[in-house]
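Proteins get letters first, then strands, A, B, ... in listed order; numbering begins at 1 in each.
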Protein chains: 2
Amino acid sequence: MPNQNPSIDQMFSALADPTRRAVVQALSQGPATVSQLAAPFAMALPSFTQHLGVLEEAGLITSRRQGRARLCVLNGPALRDAEDWLAAHRRQWEARLDRLEAHLETLKPAAPEKEPSDD
Amino acid sequence: MPNQNPSIDQMFSALADPTRRAVVQALSQGPATVSQLAAPFAMALPSFTQHLGVLEEAGLITSRRQGRARLCVLNGPALRDAEDWLAAHRRQWEARLDRLEAHLETLKPAAPEKEPSDD
DNA sequence: CGATCACTTAGGCCCATGCCTAACCAAAAC
DNA sequence: GTTTTGGTTAGGCATGGGCCTAAGTGATCG
């Protein structure tokens with residue numbers, strides 16, 4: 001069962017692995033079974049399903065049994081959560097740059113501040 | 001020295017740690033020295049600076065020596081890279097949902113498809 | 001110059017992660 | 001009902017990550 005309360009920790013560390021990112025990429029095109037997903041990888045199946053387990057624990061995918069196969073589906077909104085975290089902090093950073101710039105503007109004719117832009 | 005070619009792997013795994021995310025958060029407010037950043041954490045300094053090393057290798061921060069201290073600065077655009085990866089795949093996923101919906105629309109009076117929405 | 005401050009380097013411990021093989025299970029095909 | 005297919009469970013090995021303490025370095029302060 002998918003983790004109902006996936007942490008941002010789990011998401012980012014799930015995404016830190018190239019195999020798992022490739023799975024996310026594949027699933028962004030649509031659902032697929034375990035063996036379909038596993039096919040491109042030179043890896044034993046148990047190792048691969050372990051990756052799927054990590055993705056599912058992280059809330060990035062869900063899966064359901066379909067006959068003797070297992071169909072995996074990407075959980076789009078979960079990606080959004082990680083995206084939002086990044087966006088929030090990048091915006092903070094940008095806002096600060098803007099304030100700094102504005103401040104420098106007010107000092108135009110005076111001496112530069114203690115934080116030189118290194119360009 | 002900061003890694004000039006940070007991989008998306010390095011970024012995501014750097015962001016997978018709560019200490020390191022807290023550092024990113026702190027630096028989104030503006031530059032700070034190692035010990036300023038370390039202060040809130042109940043952790044030996046060498047352990048903490050190791051985290052800074054990971055962030056720097058991942059290209060998420062840069063740092064320069066300032067007297068006997070070391071000033072760390074967030075690298076905003078790097079956050080953007082991770083954000084973009086996520087956005088790209090989420091958009092793929094959304095696009096597919098849209099196509100699926102549109103397709104279902106064309107079948108309105110007919111039987112539902114093999115992929116039920118689980119709401 | 002000696003002491004202190006802000007780190008860094010070196011080395012070690014422990015648990016988590018990523019991979020494997022071998023064996024098992026359950027649905028489907030024959 | 002036996003075999004094949006699709007996947008899981010169990011268990012083991014090796015590397016890496018996160019933490020520590022102890023000792024070193026280089027800039028500043030008295």
Look at the side-chain N and O atoms of B/Ser35 and state whether any lies under 4.0 Å from the OP1 or OP2 oxygen of C/dC5.
-> no
Could you list all the salt bridge (Lys or Arg N to Asp or Glu O under 4.0 Å) pairs where at least one residue sits in [range], not counting sequence neighbours?
range	answer
residues 33-49 of chain A	none
residues 16-27 of chain A	A/Arg21-B/Asp9
residues 30-46 of chain A	none
residues 27-53 of chain B	none

Across all chains, not counting sequence neighbours, the side-chain contact (heavy atoms from CB on, under 4.5 Å) partners of A/Ala44 are A/Pro46, A/Ser47
With sequence neighbours left out, write down each residue that passes side-chain contact (heavy atoms from CB on, under 4.5 Å) with B/Thr33, or none if nothing qualifies.
-> B/Ser35, B/Gln36, B/Ala69, B/Leu71
Sorted by number, the residues of residues 11-30 of chain A with heavy-atom contact under 4.0 Å to DNA chain C | A/Asp17, A/Arg20
All N/O donor-acceptor pairs, side-chain side in residues 75-83 of chain A, below 3.5 Å, sequence neighbours left out:
from: A/Asn75; atom 1: ND2; to: A/Gly59; atom 2: O; distance (Å): 2.8
from: A/Glu83; atom 1: OE1; to: B/Arg90; atom 2: NE; distance (Å): 2.6
from: A/Glu83; atom 1: OE1; to: B/Arg90; atom 2: NH2; distance (Å): 3.3
from: A/Glu83; atom 1: OE2; to: B/Arg90; atom 2: NH2; distance (Å): 2.9

Rounded to whole Å, NE2 of B/His51 lies from P of C/dT8 at a distance of 14 Å
Take atom CZ of B/Arg70 and atom C1' of C/dC5, then tell me their distance rounded to the nearest Å.
-> 16 Å
Those residues at least two apart in sequence (or on a different chain) that pass ring-ring contact (aromatic ring centres under 6.0 Å, His included) with B/His51 are none
Nucleotide-resolved protein contact map, nucleotides 20-26 of chain C, B/S/- at heavy-atom distance under 4.0 Å | BBB----
The first and last nucleotides of DNA chain D lying within contact of chain B, meaning any atom under 4.0 Å from one of its heavy atoms, run from D/dG18 to D/dT28
Would you kindly confirm whether A/Ile61 and A/Ile8 end up in one hydrophobic cluster when ILVMFWY residues are joined by side chain heavy atoms under 4.5 Å apart?
-> yes
Kindly state each residue pair satisfying ring-ring contact (aromatic ring centres under 6.0 Å, His included) with at least one member in residues 13-49 of chain B, sequence neighbours excluded.
-> B/Phe41-B/Phe48
